[in-house]
Undergrad: 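Dropping the structure in here first, questions after.
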Amino acid sequence: MSTAPQPDELTRDFFARPATAVAPDLLGCVVEHETADGLVGVRLTEVEAYLGEDDPGSHAYRGVTPRTRVMFGPPGHAYVYFSYGMHWCMNLVCEPAGSAAAVLLRAGEVVTGHELATARRGGAPARDLARGPARLTQALGVDRRQDGSDVVDGGCALRVRAAGSPAARVLTGPRTGVGGGGATQPWRFHLPGEPTVSPYRPHQPRRRAPGSRE
DNA sequence: CCATAGATGCACT
DNA sequence: GTGCATCTATGGC
């Protein structure tokens, strides 16, 4: 049989736009990851836009490095990075190659593979399965191996599809967990009335490590 | 509900 | 060496 695109499949052109335009359109879409263990799908309820080299809150602010190489590549790919020594976070790359914008997937609702997602999350309650960027990747089974994955190439294990009509209402707010002056722009997007949206936390400078002098 | 502290490894300076 | 685009456990209300 043919591998014709499904009607709800997102296109590369969808991601070739500014991150601030892509981000609200991603709300309500479903990210799926299929592994040997099964399929988990997450309906996105909260995302954040990160711009390129002019955005102090973006990993791309200091230009191309081995880690941020994928952000500067073509749109429609996953940028997965390691955070705080134990977590993985997932972005979808936007804008044409050479421009480093991306959208961080912050939270969602597990709509497929509830049992597998719960097992991966250590038996967490349903609302918490994908509430937070690191929880979301853990529920999906995404880690370093998915960095650079093409999510709009039909047949990839990690993919994004539209689900129903676009969100009727989208709320915006300041970005979460970002300092350096990058938090003040209203580049966080979420759906209203969603219990899976992570609570907003203003950025707090990290206290010194134990044992260091004050 | 809220606040705080500790875990933990990598990218970059 | 410094600083994280975080989460969990624990304690108090």
Side-chain angles (χ1 to χ4, degrees), chain A residues 18-20 22-24 26-27 31 42 44-73 77-95 100-108 110 117-148 172-190 195-214:
Chain A
T20 47
V22 174
L26 279 172
L27 293 175
V31 183
V42 171
L44 298 175
T45 57
E46 180 186 0
V47 298
E48 266 174 8
Y50 284 85
L51 280 59
E53 294 173 275
D54 297 328
D55 178 2
S58 173
H59 287 173
Y61 184 54
R62 315 243 182 238
V64 184
T65 68
R67 180 176 61 155
T68 60
R69 177 185 74 256
V70 173
M71 281 187 83
F72 289 84
H77 290 247
Y79 164 52
V80 182
Y81 70 92
F82 191 58
S83 181
Y84 288 95
M86 56 199 106
H87 303 301
W88 298 95
C89 295
M90 173 179 170
N91 296 253
L92 297 174
V93 174
C94 301
E95 301 191 2
V103 174
L104 171 69
L105 310 186
R106 280 206 62 87
V110 172
T118 302
R120 283 171 172 162
R121 291 275 301 114
R127 183 197 316 181
D128 292 342
L129 290 178
R131 184 171 72 149
R135 292 164 167 178
L136 183 147
T137 58
Q138 191 180 7
L140 284 170
V142 164
D143 59 28
R144 164 171 249 116
R145 292 170 294 183
Q146 281 70 46
D147 187 35
T172 70
R175 286 191 301 207
T176 307
V178 180
T184 54
Q185 298 300 119
W187 287 334
R188 170 176 174 260
F189 302 86
H190 60 99
T196 56
V197 171
S198 60
Y200 170 67
R201 280 193 315 278
H203 179 259
Q204 307 237 16
R206 204 108 287 261
R207 297 198 56 186
R208 284 185 190 284
S212 63
R213 290 177 302 161
E214 228 10 77

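Each chain gets a letter, A, B and so on, in the order the sequences are listed, and its residues count up from 1.
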Undergrad: When the nearest nucleotide of DNA chain B is assigned to A:G85 and to A:V64 on a heavy-atom basis, which residue is associated with the more 5' position?
TA: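 Looking at DNA chain B, the more 5' nearest nucleotide goes with A:G85.
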
Undergrad: The side chain of A:F82 is closest to which nucleotide in this list: B:dG9, C:dA5, B:dC12?
TA: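 Of all the options, the side chain of A:F82 is nearest to B:dG9.
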
Undergrad: Contact class for A:R144 (heavy atom, under 4.0 Å): base, sugar-phosphate, or nothing?
TA: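 Sugar-phosphate, backbone atoms only, no base.
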
Undergrad: Can you see which heavy atom on A:T68 is nearest to which on A:A60, and at what distance?
TA: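 Closest heavy-atom pair between A:T68 and A:A60: CG2-N, 4.4 Å.
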
Undergrad: May I have the distance from A:Y81 (atom OH) to B:dG9 (atom P), rounded to whole angstrom?
TA: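 My rounded result for the distance is 18 Å.
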
Undergrad: Would you call the rings of A:H59 and A:Y79 parallel, tilted or perpendicular, where under 30° means parallel and over 60° means perpendicular?
TA: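 If you compare the ring of A:H59 with that of A:Y79, the planes turn out perpendicular.
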
Undergrad: Taking CZ from A:R106 and C1' from C:dA5, how many angstroms apart are they, rounded to a whole number?
TA: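 It is 7 Å, rounded to the nearest whole Å.
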
Undergrad: Any salt bridge linking A:D147 with A:R144? Criterion: basic side-chain nitrogen under 4.0 Å from a carboxylate oxygen.
TA: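 Between A:R144 and A:D147 there is no salt bridge, as every charged N stays at least 4.0 Å from the carboxylate O atoms.
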
Undergrad: Choosing from C:dT8, C:dC7, B:dC12, which nucleotide comes nearest the side chain of A:T65?
TA: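 It is B:dC12.
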
Undergrad: A:W88 CH2 to B:dA7 P: how many Å, rounded?
TA: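 In whole Å, B:dA7 P lies 21 Å from A:W88 CH2.
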
Undergrad: Could you check which of B:dC12, C:dA5, B:dA11 has an atom nearest any side-chain atom of A:T68?
TA: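 It is B:dC12.
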
Undergrad: Within the modelled atom types, does a donor on one side and an acceptor on the other bring the side chain of A:Y84 and the base of B:dA7 under 3.5 Å apart?
TA: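 No pair found.
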
Undergrad: Would the distance check show the side chain of A:R175 and the main-chain N or O of A:A49 forming a donor-acceptor pair, the cut-off being under 3.5 Å?
TA: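 Yes, because the side chain of A:R175 sits within donor-acceptor range (under 3.5 Å) of the backbone of A:A49.
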
Undergrad: Between C1' on B:dG9 and CG on A:D143, what's the gap in Å once rounded to a whole number?
TA: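 About 15 Å, once rounded to whole Å.
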
Undergrad: Whole angstrom is fine here: how far is it from NE2 in A:H87 over to C1' in B:dA11?
TA: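 About 17 Å, once rounded to whole Å.
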
Undergrad: For DNA chain C, produce a single dot-bracket line, 5' to 3'. Pairs: Watson-Crick or G-U wobble, both distances under 3.5 Å. Symbols: ( ) within strand, [ ] crossing, | other strand, . unpaired.
TA: ||||.|||||||.

Undergrad: In whole angstroms, how far is the C1' atom of C:dC4 from the CZ atom of A:R62?
TA: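 Going from CZ in A:R62 over to C1' in C:dC4 covers 12 Å.
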
Undergrad: Tell me the interatomic distance from A:N91, atom CG, to C:dA5, atom P, rounded to whole angstroms.
TA: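 The distance from CG of A:N91 to P of C:dA5 comes to 11 Å, rounded to the nearest Å.
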
Undergrad: Looking at residues at least two apart in the chain, or sitting in another chain, which of them share a side-chain hydrogen bond (donor to acceptor under 3.5 Å, both in side chains) with A:T172?
TA: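 Counting only residues at least two positions away or on another chain, A:T172 forms no side-chain hydrogen bond (donor to acceptor under 3.5 Å, both in side chains).
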
Undergrad: Which nucleotide sits closest to the side chain of A:M86: B:dT8, C:dA5, C:dC7?
TA: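 Nearest nucleotide to the side chain: B:dT8.
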
Undergrad: Figure out the CD/P separation between A:Q138 and C:dA5, and round it to whole Å.
TA: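 Atom-to-atom, A:Q138 to C:dA5, this comes out as 19 Å.
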
Undergrad: Heavy-atom distance under 4.5 Å between the side chains of A:V110 and A:T118, does that happen here?
TA: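 Contact flag for A:V110/A:T118 side chains = no.
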
Undergrad: Measure from the ring center of A:W88 to the ring center of A:Y81 and say whether it is less than 6.0 Å.
TA: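 Between A:Y81 and A:W88, which both carry aromatic rings, the centre distance is not below 6.0 Å.
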
Undergrad: For A:R131 and C:dT6, is the shortest distance between a side-chain N/O and OP1 or OP2 below 4.0 Å?
TA: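 No, no such contact exists.
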
